[in-house]
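Data first, discussion second: the structure below is written as structure tokens.
Naming: A, B, ... by sequence-line order, numbering from 1 per chain. These numbers were taken from a predicted model, which means no experiment stands behind them.
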2 protein chains.
Amino acid sequence: MRKNMPALGELERVVMDAVWDSPEALSAYDVQQQLEAAGRPLAATTLLTVLSRLEKKGFVASDRTVRPYRYSPVASRADHVAELMHEVLGESRDRMAVLERFVGSVSEEDAAVLRKLLRGDG
Amino acid sequence: MRKNMPALGELERVVMDAVWDSPEALSAYDVQQQLEAAGRPLAATTLLTVLSRLEKKGFVASDRTVRPYRYSPVASRADHVAELMHEVLGESRDRMAVLERFVGSVSEEDAAVLRKLLRGDG
DNA sequence: GAAGTGGTTCTACGCGGCGTAGAACTCAGC
DNA sequence: GCTGAGTTCTACGCCGCGTAGAACCACTTC
């Protein structure tokens with residue numbers, strides 16, 4: 001698990017959502033079309049800039065054997081979020097206290113999911 | 001639980017650590033002394049600026065009935081971190097998938113803590 | 001192989017947040 | 001009302017992010 005994950009800006013997050021939501025790798029143009037359909041028209045160059053920043057940050061990878069290049073997520077959204085949770089948890093000095101507060105404030109459904117997952121685990 | 005918690009900068013985090021680590025409310029001067037002892041000397045005005053930004057963001061509160069003002073954390077560090085975890089979790093569309101990844105990658109000690117907490121809970 | 005066309009990189013600008021702190025102000029005590 | 005510690009006001013520089021123009025590259029088509 002990478003430490004010190006870079007933060008995502010607002011547009012970067014929107015782009016990541018598009019990349020995550022797609023079953024296949026997307027070209028910059030694909031992303032542009034999707035955002036335009038979602039009411040957020042942007043210049044193609046803007047998408048390219050954002051995508052290359054995301055690539056530098058390690059959030060997407062590009063397949064350069066085809067033209068146009070295809071961008072795909074490095075980690076799934078769930079993996080990404082789970083990693084973030086671990087990173088946040090690692091900030092603390094008293095993990096137990098944090099977990100206590102965390103569990104104490106999850107919904108009953110989430111608690112049920114956790115119980116099930118932990119049962120299967122040990 | 002507040003949504004959209006503002007992010008903490010690097011110095012802001014250091015200051016919050018000092019505030020969290022102290023059993024009583026601190027004056028700006030106290031914080032300055034502590035950071036200086038920790039090898040990070042800063043002008044008093046810098047601390048005041050940071051503290052007022054932290055107050056505006058809702059991380060600390062100031063007692064203005066005494067002079068110098070005393071700053072104390074609004075939430076404990078554990079509460080803060082737990083809130084962050086919830087916020088991150090809320091980013092996801094598939095909470096279950098995230099929880100699965102999360103639980104799948106916690107240490108055995110953390111898992112034991114979680115099991116215990118969830119047992120007491122339900 | 002020169003030209004066109006779509007896609008990509010290079011470069012850059014403006015804005016806002018953060019680290020940093022000087023200058024000006026305020027209030028308790030003399 | 002002066003003094004000095006403590007606080008607010010103001011500001012500057014840097015960096016990241018949203019944004020995109022201009023230049024560059026790689027195929028197709030004649």
To the nearest angstrom, the CE-P distance between A/M16 and D/dG18 comes to 13 Å
Looking only at side-chain N and O atoms, does B/R64 come under 4.0 Å of OP1 or OP2 in D/dT8?
yes
A/Q32 to A/A44 - nearest heavy-atom pair and separation:
NE2-N, 3.4 Å
Salt bridge or not between B/R93 and A/D21? Use side-chain N to carboxylate O under 4.0 Å.
yes
Provide, to the nearest angstrom, the distance between the CD atom belonging to A/Q33 and the P atom belonging to C/dG6.
13 Å
What I want to find out is whether B/E100 reaches A/K116 closely enough, with some N-O distance under 4.0 Å, to be called a salt bridge.
no
What is the distance from NZ of A/K56 to C1' of D/dC17, rounded to the nearest Å?
12 Å
Do the non-hydrogen side-chain atoms of A/V60 and A/Y71 ever get within less than 4.5 Å of each other?
yes
Nucleotide N/O of nucleotides 15-19 of chain C paired with protein N/O under 3.5 Å:
unit_1, atom_1, unit_2, atom_2, d
C/dC18, OP1, B/K57, NZ, 3.1
C/dC18, OP2, B/K57, NZ, 3.1
C/dG19, OP1, B/E10, N, 2.5
C/dG19, OP1, B/L11, N, 2.5
C/dG19, N7, B/R53, NH1, 2.7
C/dG19, O6, B/R53, NH2, 3.2

In whole Å, what is the span from the CG atom of A/L47 to the P atom of D/dG18?
12 Å
Taken to the nearest whole Å, CG/A/L54 to P/D/dT19 is 13 Å
Heavy atoms from C-beta onward define the side chain here; which of D/dA26, C/dA23, D/dA20 lies closest to that of A/A43?
D/dA20
Between D/dC9 atom P and B/L51 atom CG, what is the distance in whole Å?
15 Å
In terms of side-chain geometry, is the basic nitrogen of B/R115 or B/E109 positioned less than 4.0 Å from the acidic oxygen of its partner?
no
B/L48 CG - C/dA23 P separation (whole Å)
17 Å
Rounded to the Å, how far apart are B/Q32 CD and C/dT20 C1'?
13 Å
Among side-chain atoms of A/S92 and A/D94, is any donor-acceptor pair under 3.5 angstrom?
no
